[in-house]
Every structure is written in C-alpha cells, then in structure tokens.
Amino acid sequence: MESKKKVKNIFIQGAISPGFITDCIAKHSSNTAIGGHSIFMGQVRQDEIGGKLVSAIAYSAFEELALEKMHEIREAIFEKYPLSCMHVHHSLGDVSAGEICLFVFTSSAHRKPAIEACSELVERIKAELPIWGKEIFQDNTHHWKENK
Amino acid sequence: MESKKKVKNIFIQGAISPGFITDCIAKHSSNTAIGGHSIFMGQVRQDEIGGKLVSAIAYSAFEELALEKMHEIREAIFEKYPLSCMHVHHSLGDVSAGEICLFVFTSSAHRKPAIEACSELVERIKAELPIWGKEIFQDNTHHWKENK
Amino acid sequence: MEIQLISFGKISEFLHSQQLEIEGISDTDQLKAYLESNFLQLADLKYKLAVNKILIQENTHLNSGDSVAVMPPFSGG
Amino acid sequence: MEIQLISFGKISEFLHSQQLEIEGISDTDQLKAYLESNFLQLADLKYKLAVNKILIQENTHLNSGDSVAVMPPFSGG
C-alpha cells in the first residue's frame, strides 16, 4: 500500500448541506462490489444551557494538525477494516441549530466492517481532532462546547 | 406509551432511489433536538457465484408477518434507546446490482443511541424478517441468497 | 381436514402454495412429517412454520381451515 | 528566545496568539509553568501542547523559533 497518500481536506465552510450529502451517496451506486454503506451525521442541537437556547455553533480548528491527525486515523481505519470507501467532512465557522456539522460515510462489501469503521471514526474524530465548538446563544453570548 | 401503534409499511417496489433517501434526510433538519443521525444502506453486490455474475436480486416476503415482526422490533428498539426517529425501508421485487435494497435511519439527541439502534435494527431485520432474496444471474438462472 | 399451505423462497420451487386436503393430522409435527415424506427436498432444508401468520417454535395444534406457511431461512437486507 | 504561541478555543480568550520573547526556558514543562503563573485561568484547565504542529505527551525540548500551540479539550463533531 502507498504510504504517502495525499492528505485530504475534510473542512467545509459552514453547514454541510443535504445536497452535498446526496451527491456523495449517489456517486457510490456505480461500485457494484459494495454491499453496505454506513453513515453518521452530527447535527447542531438547540440545547438549553442556563436558560438560554443555542442558536448556532461556531467551529474552529488547528487545521494543519487536524488534517495530519485525520490522515493518520484514515490510514489506521483502512488498515483495520476492509473498506471500499471512506469520506469524512467537518464544518468550520457557523452552523445553525438543525444543520449538519459532521458527515462520516464508509462503504464495504459487507455490513459489519462498514458499520464498525463508521462508529470508530466518529469516536476518534471527536476525541482526537483539534476542533473546538463555541455554542452561540440567541443573545450572542457564548459557551464553549465540551464533548462527553 | 401507546401500545397499539399503527403497523407501518416498510416495503418499496424495486430499488430504493437516492432521491427517496435524500428526501428522508432533508426532512430531519427541522428537529433541533436531534444531535446525531445514523444510516445504514444495503446495496446489491455483483457477486460472482460459480463463475456467474449476479445482475439483480429479486426480493419476496411474507409481507403480513414481516410487517407484524417489524412493528414488534420497532417498539422494542424505541423502548431500549432514546430515539427521536426511526425509519426502515426494504425493497420487494427486482433490485439491480449497485442499487439500494435496505435503508435504515435512526436519529437521537446523542450519537451513541442513534448508532447502536441502527446497527441492532440491521441485525434484527436480516435475522428476523421473513424476506427472501433470489440472486439472478446474467443468463437468467438463479441462486437463493443466504445471509451469513 | 383442510390446510392452506403457503410456501416461500426456494421451498416454493418444489412445494407450491395450495389447499391441502388431509386426514389423520392434528398438529404441526405431524404436518412436517407428512410434508417431508412427500417432498423429499424439504427434509434436507432448515425451515420454519407460521400458523395463521404467527411464527411457531414448538409443536402446535392445527384446526381445519388453518393457514400454514413453510419458510426457508430468511435472507433479506 | 522566541516562541510563536498559538492558542485555541476558550484559551484564546485570555491567552492570545503572540510572539513570546522569553529567557530561561528550554522545555515545555518550563513553558507551562511560565504560562500558568502569568495566565492564572490556564492552571484551572486541562490543555495540551503541540510543538511545531506535533502533539506532545511528554516534556519536550524547545528551540528559539519553535511554535507552541496551547489547546483546550477538543469538542468537534
């Protein structure tokens, strides 16, 4: 396997649109070796924190480090599971409540590798990528998001 | 909780189109209590069996029993996981290689219930619903699919 | 008595759905023995029965007019 | 020596990205002690450092011109 694969950009400015997701899904029906696709989409919740409603999350990242780390994760997941495809996209900047901020898409000949790889990717992305979410309230104050 | 919920039809004649999947996804951005969506899509593989290529799978089902069983599974999954939504669609009739035959979509406030419920649904659908797939080869002979 | 037999999947290729007119049979174990001796391919298969659209795990009493579904292993998805 | 300090998330609200001109510091443990005594809020936080865009887990030697990123717990996704 080629060890010096190109580092892919995973960042998208603003929300990930339903159209983008659709295009990504539609592209894969031509690969007749695929038997299962697994998708995870993270969506911004209108949480209530201290009596105030979250209207958006503003995402920032240490982009270079995040892309290097994502490259490492990608290679480890391809090594561990027999995948046909893997796609990861994360928002930067403002994403309103109800909009998609994370899109992870894996495909494999069989369902189990696709499902397990997708789930592991989501966990690793949340734990290991230097990305920060600032929850913006309707009154323009904010609260820094914390992952559990 | 209401125990006599309406039994939903999960069957779709022929392949599940990308447009159908898109519409289903797009509908959910209005629910701002959702934080994570998990999707599984089963796709017909162009497997080679005994030197012949699968060109399509023809699905048949004991529909009434399948819908009753799916209703039971749906209620058990809603009981077990805190889900906002759950959607299941399965093809009947011919689905060509490269097309989608199963679509499972779960949404929850947090990622883990959505991911776990989706994965459990896929396993239960494959193991418990009276549905049969007949793999049709390019020369019109066939082979009855067996789930592993 | 009369049994409405419904078959699925590969079983439907040799055991067609039909109205069975049979005597001396009062439960599903007896029906299985009858079917396996008349349709030899069935004896080599794993299959499940549903009586009146309810999947059964154990021997079940049959009444005239019941429907019995004969189902090979499921392969949906 | 000169350290290019880059801060992220909530840390960037009190510790701005800047060129630090400091003497008597040769590794990241010393830099952390220096930063925590000058920016008291930092001492109450969990944070990680990256030296020249590489995440470090252990005390690491610093050279003049190095960039050091100060990062609170990640909260992407």
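Within every chain, numbering begins at 1; the chains are lettered A, B, ... in the order of the sequence lines, protein sequences first and strands thereafter.
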### B:Ile115 versus chain A, the contacting section by heavy-atom distance below 4.5 Å
side chain
### Query
With a 4.5 angstrom heavy-atom cut-off, which part of B:Ile100 approaches chain A: side chain, backbone, both or neither?
side chain
### Message
Taking A:Asn31's backbone N and O only, do any of them form a donor-acceptor pair with B:Gln43's side chain (distance below 3.5 Å, no angle check)?
### Response
yes
### Task
Pick one of side chain, backbone, both or neither for A:Ala109, based on which atoms fall under 4.5 Å of a heavy atom in chain B.
both
### Query
In terms of heavy-atom pairs under 4.5 Å, which option from A:Ser38, A:Ser107, A:Ser119, A:Gly35 contacts chain B the most?
A:Gly35
### Note, B:Lys112 side chain near A:Glu123 side chain (heavy atom, < 4.5 Å)
yes
### Query
More than 12 non-hydrogen atoms from neighbouring residues, nucleotides or ligands closer than 6.0 Å to CD on A:Glu64, yes or no?
no
### Message
Contact between B:His37 and A:Ile39 at the side-chain level, heavy atoms closer than 4.5 Å - yes or no?
### Response
no
### Task
Find out whether B:Arg111 and A:Val122 are in side-chain contact, i.e. whether some heavy atom of one side chain is under 4.5 Å from a heavy atom of the other.
yes
### Query
Within a strict 4.5 Å, meaning less than it, do heavy atoms of the B:Ile25 and A:Ile25 side chains meet?
yes
### Message
Counting heavy-atom pairs under 4.5 Å with chain B, which one of A:Asp47, A:Ile21, A:Thr22 comes out on top?
### Response
A:Thr22
